[in-house]
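Before any comments, here is the structure.
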Number of protein chains: 2
Amino acid sequence: MFEKIPKPVARRLAIYYRVLKEQSKNGAETISSSSLGRMLDLKPSQIRKDLSYFGGFGKRGTGYNVIDLMKSIEKILGIDKRWNVLIIGAGKIGRALANYPGLIQDGFTIKGIVDVSEKKIGKTIDEHLTIEDVAEMEKIIRERKIEIGVLCVPSDVAQKVLNSVIQYGIKGIVNFVPKRLKAPKDVMIEDVQISLSFKALSFRMVNSER
Amino acid sequence: MFEKIPKPVARRLAIYYRVLKEQSKNGAETISSSSLGRMLDLKPSQIRKDLSYFGGFGKRGTGYNVIDLMKSIEKILGIDKRWNVLIIGAGKIGRALANYPGLIQDGFTIKGIVDVSEKKIGKTIDEHLTIEDVAEMEKIIRERKIEIGVLCVPSDVAQKVLNSVIQYGIKGIVNFVPKRLKAPKDVMIEDVQISLSFKALSFRMVNSER
DNA sequence: TTCTAATTGTGAAATTTACCACAATGAGGT
DNA sequence: ACCTCATTGTGGTAAATTTCACAATTAGAA
């Protein structure tokens with residue numbers, strides 16, 4: 001359907017989406033690639049090229065209609081529908097994500113959170129989600145039609161847990177475990193490794209003369 | 001000192017570091033670029049090139065000494081010393097980071113956490129850190145020699161808070177706020193935007209045939 | 001000592017990504 | 001209807017990054 005999309009493009013589209021949402025709240029009707037570029041420290045030409053992979057959304061002389069472009073990016077990113085998400089592991093990160101507004105507002109519905117710990121099972125997070133038993137995971141995934149799993153378990157069991165959820169039919173993983181996991185290629189894994197950002201920062205601070 | 005380093009290299013070094021640490025715990029003495037590559041799904045040549053920017057750490061025919069390479073990467077990344085960190089904002093993310101083992105183990109000492117909310121100030125997180133008043137922030141930063149700030153405040157105040165902490169002398173920021181922040185170029189900002197990863201995953205799931 | 005097998009370090013090629021420059025287009029004014 | 005100004009969409013080029021390919025080196029065996 002489309003020509004090949006450079007990998008960094010999807011991530012930037014999500015950034016554009018954020019700004020467009022904000023701008024539409026502020027009542028802006030149109031936005032130009034140069035004003036977007038100024039807000040995001042990106043070259044206008046990059047923004048135009050990114051968008052042009054998916055079609056011509058702009059109008060010459062005027063720029064882009066904020067609402068229309070927002071809707072178009074929603075479609076491209078696949079967040080025009082809602083995704084059912086299960087959080088696996090109710091440690092600090094798992095619990096923090098359990099009702100993270102940024103996710104809920106943008107197309108992701110947290111349908112549950114599971115853990116192994118007897119102590120945690122049954123506890124309620126923010127009067128809204130109750131931690132369930134990992135043993136119920138297959139049932140939860142199948143009945144609630146979970147499509148995305150958020151992996152927040154200890155490193156040493158991560159691959160095992162991943163293998164299970166794949167068997168139960170999950171097709172996408174956001175992986176917070178600091179480990180490279182193996183999965184069939186029809187299962188998409190997106191790694192989030194917070195501690196890498198700290199180390200990258202440290203590197204830049206130490207080597208800032210470069 | 002060094003030739004120009006491609007931007008993705010620092011992040012990969014942090015990944016290599018993680019594996020080396022694990023391998024050294026398992027008692028491995030040496031490791032080759034190809035075995036590292038297999039573990040991380042990277043081409044061995046990439047690993048060798050990445051390392052070669054900083055010197056020749058390996059021995060032909062044998063590979064790399066695990067401990068030595070680990071120590072070398074620690075130096076390169078600047079985590080051979082400890083960094084003093086202040087968490088700004090005691091919302092979900094801030095509290096989750098407050099004693100995140102991944103950070104504490106790898107060179108970052110959380111020296112405090114501050115918030116504006118009367119309700120939160122004074123509360124203790126994991127019997128270990130007490131949430132302090134943002135009003136005390138200047139004093140905290142100067143007295144505890146804070147070098148890195150972790151920004152976990154609401155979007156609308158982020159730039160203002162950032163401006164303050166920069167005045168108080170902070171030189172590095174890990175920014176969890178979904179917004180591009182402006183700072184003088186001697187202040188390093190590393191963005192962590194969890195919701196982008198979810199959207200990138202959604203994109204890949206929707207466009208997986210590509 | 002000499003041979004063999006393993007593995008690095010690195011210039012050069014290939015690939016990927018970003019950027020530029022400009023023709024094409026649309027809106028608004030005269 | 002025509003001119004002017006702003007801005008897009010895009011082919012081509014430049015820059016950045018990855019990958020290849022191979023000489024150089026080391027360890028160990030014969």
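The structure displayed is predicted, hence computed values, not measured ones. Letters A, B, ... mirror the listed sequences (proteins, then strands); counts begin at 1.
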Review point. Do the non-hydrogen side-chain atoms of B/Asn99 and B/Ile104 ever get within less than 4.5 Å of each other?
Key: yes
**Study point:** First encountered from the 5' end of DNA chain D, between A/Ser52 and B/Pro8
**Key:** A/Ser52
Exercise for review: Taking only the side-chain nitrogens and oxygens of A/Lys59, find out if one of them lies under 4.0 Å from OP1 or OP2 of C/dA27.
Suggested key: yes
Review point. A/Lys7 has an atom NZ; how far is it from atom P of D/dT18, in whole Å?
Key: 9 Å
Check your understanding: Is the phosphate of D/dT17, meaning OP1 or OP2, less than 4.0 Å from a side-chain N or O of B/Arg12?
Key -> no
Check your understanding: Within a strict 4.5 Å, meaning less than it, do heavy atoms of the B/Asn207 and A/Ile5 side chains meet?
Key -> no
Check your understanding: So, is A/Tyr64 close to the C/dG26 phosphate, meaning a side-chain N or O under 4.0 Å from OP1 or OP2?
Key -> no
Review point. Any side-chain heavy atom of A/Leu69 sitting closer than 4.5 Å to one from A/Val66?
Key: no
Exercise for review: Ignoring hydrogens and angles, state whether a donor on the side chain of B/Gln167 or B/Asn163 is under 3.5 Å from an acceptor on the partner side chain.
Suggested key: no
Revision key, fill the gap. Minimal heavy-atom distance between A/Arg180 and B/Asp41, with the atoms involved, is NE-OD2, 3.4 Å
Check your understanding: If you measure from the Lys or Arg side-chain nitrogens to the Asp or Glu carboxylate oxygens, is any gap between B/Asp186 and B/Lys171 under 4.0 Å?
Key -> yes
Exercise for review: Quickly work out the B/Gln46 CD to C/dT15 P distance and round it to whole Å.
Suggested key: 16 Å
Exercise for review: Would you mind checking if A/Asp126 and A/Arg95 are paired as a salt bridge, meaning a charged N to carboxylate O distance below 4.0 Å?
Suggested key: no
Point to revise | Pairs touching residues 146-157 of chain B that satisfy salt bridge (Lys or Arg N to Asp or Glu O under 4.0 Å), sequence neighbours left out | key: B/Lys81-B/Glu147
**Study point:** Gap between atoms CG and P, on A/Leu42 and C/dT17 respectively (whole Å)
**Key:** 16 Å
Revision key, fill the gap. Contacts satisfying salt bridge (Lys or Arg N to Asp or Glu O under 4.0 Å) that involve residues 53-62 of chain B (not counting sequence neighbours) are none
**Study point:** Value in whole Å for how far the P atom of D/dT18 lies from NZ of B/Lys4
**Key:** 11 Å
Taking N or O atoms only and anything under 3.5 Å, show me the protein contacts with nucleotides 22-25 of chain C, one pair per line.
{"from": "C/dA24", "atom 1": "N3", "to": "A/Arg60", "atom 2": "NH1", "distance (Å)": "2.8"}

Practice item. Determine, stepwise, if the pair B/Lys21 / B/Glu74 fulfils salt bridge (Lys or Arg N to Asp or Glu O under 4.0 Å). Key: CA-CA 11 Å; B/Lys21 209 167 180 181; B/Glu74 264 174 14; 5.9 Å; no
Exercise for review: Grab the CG-C1' distance between B/Asp41 and D/dT18 for me, whole Å please.
Suggested key: 15 Å
**Study point:** Ionic contact status for B/Glu143 with B/Lys111, cut-off 4.0 Å
**Key:** no
Point to revise | Of A/Thr62 and B/Gly56, the one whose closest DNA chain C nucleotide lies more 5' | key: B/Gly56
Check your understanding: Which residues within residues 65-74 of chain A lie with some heavy atom under 4.0 Å of an atom in DNA chain C?
Key -> none
Check: protein-nucleotides 11-15 of chain D nitrogen or oxygen pairs below 3.5 Å:
{"from": "D/dG11", "atom 1": "N7", "to": "A/Lys49", "atom 2": "NZ", "distance (Å)": "3.4"}
{"from": "D/dG11", "atom 1": "O6", "to": "A/Lys49", "atom 2": "NZ", "distance (Å)": "3.3"}
{"from": "D/dG12", "atom 1": "O6", "to": "A/Lys49", "atom 2": "NZ", "distance (Å)": "3.3"}

Check your understanding: Nearest-Å distance, CG (A/Asp50) to P (C/dT17)?
Key -> 11 Å
Review point. C/dT7 C1' sits how many Å from B/Arg38 CZ, rounded?
Key: 12 Å
Review point. Can you say whether the rings of B/Phe176 and A/Phe198 are parallel (under 30°), tilted (30 to 60°) or perpendicular (over 60°)?
Key: tilted
Point to revise | Atom-pair distance (CD1 on B/Ile47; P on C/dT8), nearest Å | key: 9 Å
Point to revise | Minimum heavy-atom distance B/Met70-B/Ser24, with the two atoms named | key: SD-OG, 3.9 Å
Point to revise | Heavy-atom closest pair, residues A/Ser208 and B/Met188 | key: CB-CE, 3.3 Å
Study note, to complete from the structure: Closest to the side chain of B/Ser45, out of D/dC20, C/dA27, C/dC20, is D/dC20
Check your understanding: Of all of residues 25-36 of chain B, which get a heavy atom below 4.0 angstrom from DNA chain D, listed by number?
Key -> none
